[in-house]
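Report on the following structure.
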Amino acid sequence: MELPFFVSSYFKRLADDCPELARQVFPSEMENVVLDYEDSDPLCDNRNMPVKRLVHRYDDRVLILVTDRCASYCRFCFRRHFTASGSSDISKEELQDIVGYIARHDNIREILLSGGDPLMLANSKLVSVLSSIRNVRRDVIVRIGSRVPVFLPDRIDESLIDAIRDFKPIWLISHINHPAELTDRASNVLSLFIDAGIPVANQTVLLRDINDNITILEELFSSLLRIGVKPYYLLQGDLAAGTSHFRVPLERSFSLYEKLSCRLSGLALPVFALDLPGGGGKIALSRSSVEYVDDNWYYFRSREGKIYKYPREE
């Protein structure tokens, strides 16, 4: 489906002065180029959804799609089958079905709140989701994945922190791709979580002509660590429909990560990873993780031992 255009006024002001930020949120005609191997649901969420809005791909963790709204829409979004689809916020009935599923599966140790962006929910709605989870499982770790700290930092204040701090163990997983996103305002709101005892880890998507540069990546990961945010994942681009112009050729990605590994400490260096196309799950990427290569594809082995392929793009 076509992803609508929306960008917060805050991020637009930043993007007006930074082409790398503008490219992330402003539509391009290149989005109309959909390759044969691209898909609106490249990670096969729908195939791993035993209950509506609940994705159970890994044995010990699940992901809940709590809303389809974001504070701005990234043009490289891999969940464009759901994001801004009109599904709106999770209903009481949907939430009840989900927590029932969680209660019946003791193997679940982590719950990821995603969407859309969970921090676009009203505080009361977010508390309702967290309360429902804690009513059936006090022991699970909850992760909240969000771009709000860089897209709409004014959404985050003490009232939000107060609303969620009692539901620990809870982590914020921020999504920051470029040092220009890490403004003083964004850094300050991330500190609100950290000061409240809510750890923050960050995932970054490797993006062509945006952050596929050793200096930019080194600055980003060092800056994150300096404010107490752990660089968590550096993600190779997914095969989402109309996003080929964002993907960095894997050979270049390998080279960038090898240079980063020589320049950053283990604490500052994120895991380089790929979500295998077709629902194969996430794997750590390195040259040694490639099973074999032909003229068109790299082949990787999933955790379950199955072979999946990723394109050799220029």
Side-chain angles (χ1 to χ4, degrees), residues 1-33 66-80 82-89 114-123 126 144-157 159-160 172-193 200 202-213 215-217 219-221 223-224 227 229 235 237-238 240-248:
M1 62 173 290
E2 184 176 345
L3 191 69
F5 167 67
F6 178 75
V7 59
S8 67
S9 57
Y10 167 84
F11 198 79
K12 184 181 183 301
R13 288 194 295 273
L14 298 180
D16 285 343
D17 295 323
C18 182
E20 291 82 6
L21 301 196
R23 193 160 180 266
Q24 294 184 59
V25 293
F26 284 92
S28 160
E29 290 185 359
M30 288 297 293
E31 292 176 40
N32 297 320
V33 178
V66 296
T67 181
D68 73 330
R69 294 177 296 130
C70 293
S72 301
Y73 293 117
C74 299
R75 307 317 302 178
F76 52 88
C77 179
F78 71 87
R79 196 164 275 135
R80 54 216 305 129
F82 178 81
T83 304
S85 64
S87 301
S88 192
D89 298 343
S114 188
D117 196 311
L119 295 187
M120 290 300 289
L121 294 176
N123 288 359
L126 185 57
I144 298 176
S146 182
R147 281 279 263 165
V148 163
V150 295
F151 277 159
L152 194 64
D154 286 346
R155 160 69 182 101
I156 300 169
D157 55 20
S159 65
L160 171 64
L172 177 73
I173 308 299
S174 58
H175 175 177
I176 302 171
N177 294 325
H178 193 279
E181 299 175 31
L182 199 58
T183 63
D184 288 344
R185 181 64 184 134
S187 298
N188 289 339
V189 299
L190 290 167
S191 294
L192 291 178
F193 290 95
V200 182
N202 185 74
Q203 60 182 23
T204 295
V205 180
L206 191 58
L207 298 165
R208 187 196 292 253
D209 298 330
I210 292 173
N211 61 9
D212 58 335
N213 175 289
T215 302
I216 288 174
L217 291 173
E219 180 184 352
L220 174 61
F221 299 142
S223 298
L224 286 166
I227 63 171
V229 176
L235 297 168
D238 296 313
T243 64
S244 61
H245 57 298
F246 284 113
R247 286 194 298 273
V248 179

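Side chains are part of it too, since the values below use all heavy atoms of this structure and drop only hydrogens, waters and symmetry mates. Everything numeric in this text was worked out from a predicted model, so none of it was measured.
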Set out, in order, the CA-CA distance, both residues' side-chain angles and the distance that settles side chain to side chain contact (heavy atoms under 4.5 Å, CB included) for L182 and I227, then state yes or no. CA-CA 10 Å; L182 199 58; I227 63 171; 3.9 Å; yes
Using modelled atom types only, decide if a donor and an acceptor are shared between the side chain of [X] and the backbone of [Y] within a distance under 3.5 Å.
{"X": "R147", "Y": "L152", "answer": "no"}
{"X": "D157", "Y": "L160", "answer": "yes"}
{"X": "D212", "Y": "L206", "answer": "no"}
{"X": "R247", "Y": "R208", "answer": "no"}
{"X": "S146", "Y": "V148", "answer": "yes"}
{"X": "N177", "Y": "V205", "answer": "yes"}
{"X": "N213", "Y": "T215", "answer": "yes"}
{"X": "S8", "Y": "F151", "answer": "yes"}

Are the side chains of [X] and [Y] in touch, meaning some heavy atoms are under 4.5 Å apart?
{"X": "H245", "Y": "E31", "result": "yes"}
{"X": "F246", "Y": "Q24", "result": "no"}
{"X": "E181", "Y": "F11", "result": "yes"}
{"X": "T83", "Y": "C70", "result": "yes"}
{"X": "V66", "Y": "M120", "result": "no"}
{"X": "F221", "Y": "T204", "result": "yes"}
{"X": "P4", "Y": "F6", "result": "no"}
{"X": "N202", "Y": "L190", "result": "no"}

Show your working on side chain to side chain contact (heavy atoms under 4.5 Å, CB included) between I216 and H178 and close with a plain yes or no. CA-CA 7 Å; I216 288 174; H178 193 279; 3.9 Å; yes
Validation row, ring centre F26 to ring centre F5 under 6.0 Å: yes
Would you say D184 has more than 12 foreign heavy atoms packed within less than 6.0 Å of its CG? no
Determine, step by step, whether L119 and L172 satisfy the side chain to side chain contact (heavy atoms under 4.5 Å, CB included) criterion, reporting the C-alpha distance in whole Å, the side-chain angles of both residues, the deciding distance to 0.1 Å, and the verdict. CA-CA 10 Å; L119 295 187; L172 177 73; 4.3 Å; yes
Quick one: pull up OG1 in T183 and OH in Y10 and give me the separation to the nearest 0.5 Å. 2.5 Å
R75 and side chain to side chain contact (heavy atoms under 4.5 Å, CB included): which single residue from L207, T243, L3 fits? L3
Closer than 4.0 angstrom, basic N to acidic O: yes or no for D68 and R79? no
